Amino acid sequence: MAVERSPPSQPVGDQDAGSVATQPSHKGVVLTFDFEWAELPDDIARRKHQAWQEWEATDQRLQDPTHLPTPDEQAELEQRHRAAWKQYWHADGARYHLSNRQMSDAITVMEHTGMARRVPSPPFPTPAEHGASSQEYDDWLDASDRGDPTHPSAELAGYLDALDRHQRANYDAHVIPVHKLWTNDGWLLTPDELAAALHHAPTTAVDRRQRPIPWWAQWLDYLETAQGHGGVRVH
């Protein structure tokens, strides 16, 4: 199985990822949440990486001011560009997407039914606390995004381990800690948390206006399937 710590940076202008659920949208941009299996099967990981490479290659050609494509070439490049991003983003079903409002509705239901629980959590570790620099971490992320082999220093490896422990820690919530749903900071919804939460899951749910949530069963199916893939990363 291929384990992906962090996905490639989102292309400028694409709004498939957000920041914090409680933040308002900016200039009409709706903040959103994306979930991905923590462990991608090798074939999905390979296709996802190939799609990212195709996106980058077509993006460079579209943005190259020295070799402007003809109208027909541009139309073909734009089609390939969109198809590559769609393949990368959906990852053959390994990803699930919720809007800011949908995430808020999901959390309301999950808290009310006992699927999620609010617990205090300590602040994120920092590279400096482990003797590494932010620049070293950024360089490591860039290399990981490109799929290049990475060899972090002992200090950076210590920080990465501490970050992973923080992102997967349960802090005695027993079910899913709510903070792992309120922010998309790479939290890991572990298989144990998912199993405990799904034990309390209702088969149907309603939003704050008491309207049925049409995607609720699909959301539960995604969480159930993710148990067999190392859990879910929240982006």
Side-chain angles (χ1 to χ4, degrees), residues 1-8 10 16-18 20-21 31-49 51-52 85-119 121 144-145 160 163-205 213-235:
M1 305 289 281
V3 179
E4 185 169 298
R5 281 184 179 270
S6 177
Q10 180 178 312
D16 271 326
V20 179
L31 302 180
T32 64
F33 285 75
D34 290 276
F35 305 83
E36 185 168 89
W37 296 343
E39 297 173 356
L40 294 180
D42 290 340
D43 57 337
I44 293 180
R46 181 174 60 255
R47 287 194 294 271
K48 184 175 176 179
H49 181 61
W52 178 252
W85 182 243
K86 183 177 180 179
Q87 171 63 28
Y88 168 77
W89 197 253
H90 291 286
D92 297 321
R95 273 194 181 243
Y96 194 85
H97 173 86
L98 288 178
S99 71
N100 192 40
R101 183 178 297 277
Q102 288 172 326
M103 189 72 259
S104 180
D105 285 337
I107 290 173
T108 299
V109 174
M110 294 171 77
E111 274 200 279
H112 179 72
T113 59
M115 294 179 66
R117 180 180 171 218
R118 295 176 187 263
V119 291
S121 65
S144 298
D145 291 350
L160 294 173
L163 178 62
D164 185 64
R165 288 193 298 271
H166 180 72
Q167 291 170 324
R168 69 175 58 242
N170 184 259
Y171 298 111
D172 294 324
H174 304 295
V175 287
I176 298 174
V178 169
H179 63 260
K180 290 188 178 184
L181 301 170
W182 271 128
T183 63
N184 47 17
D185 292 320
W187 298 107
L188 177 68
L189 309 183
T190 68
D192 286 346
E193 290 172 348
L194 294 174
L198 288 167
H199 179 72
H200 300 281
T203 56
T204 60
I213 297 176
W215 43 266
W216 181 253
Q218 187 182 50
W219 169 237
L220 296 184
D221 286 344
Y222 177 78
L223 296 181
E224 183 175 5
T225 302
Q227 293 178 81
H229 295 282
V232 178
R233 286 286 181 186
V234 185
H235 302 291

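We use all heavy atoms of the structure for the numbers below, so side chains are in, but hydrogens, waters and symmetry mates are not. Quick caveat, the model's predicted, so the values are computed rather than measured.
- H200 NE2: more than 12 foreign heavy atoms inside a 6.0 Å radius.
- Every residue was checked against the salt bridge (charged side-chain N to carboxylate O under 4.0 Å, His left out) condition with R46, not counting sequence neighbours, and none meets it.
- Side-chain contact between M103 and L181 is present, with at least one heavy-atom pair separated by less than 4.5 Å.
- Counting only distance, with no hydrogens or angles, the side chain of N170 and the backbone of V175 share a donor-acceptor pair below 3.5 Å.
- Taking both residues in full, the closest heavy atoms of T32 and N184 are given as O-ND2, 3.4 Å, listed atom of the first, atom of the second, then distance.
- The backbone N or O of A38 lies less than 3.5 Å from no partner atom in the side chain of R233, so there is not a single donor-acceptor pair.
- Sorted by first then second residue, the salt bridge (Lys or Arg N to Asp or Glu O under 4.0 Å) pairs that include residues 166-181, not counting sequence neighbours, are D164-R168, K180-E193.
- Classification of the W37-H229 ring pair by plane angle, with boundaries at 30° and 60°, yields parallel.
- Residues forming a side-chain contact (heavy atoms from CB on, under 4.5 Å) with R47 (at least two apart in sequence, or on another chain): D43, I44, Q50, Q87, D92.
- No side-chain heavy atom of Q102 sits less than 4.5 Å from a side-chain heavy atom of W219.
- Sorted pairs that involve residues 216-231 and meet salt bridge (Lys or Arg N to Asp or Glu O under 4.0 Å), not counting sequence neighbours, are lacking altogether.
- Here H49 pairs with Q53 under the side-chain contact (heavy atoms from CB on, under 4.5 Å) rule; sequence neighbours left out.
- In terms of heavy atoms, Y171 sits closest to H179 at CD1-CE1, 4.2 Å.
- The distance between the ring centers of W215 and Y96 does not fall below 6.0 angstrom.
- Residues meeting the side-chain contact (heavy atoms from CB on, under 4.5 Å) test with P202, sequence neighbours left out: V109, T113, M115, W216.
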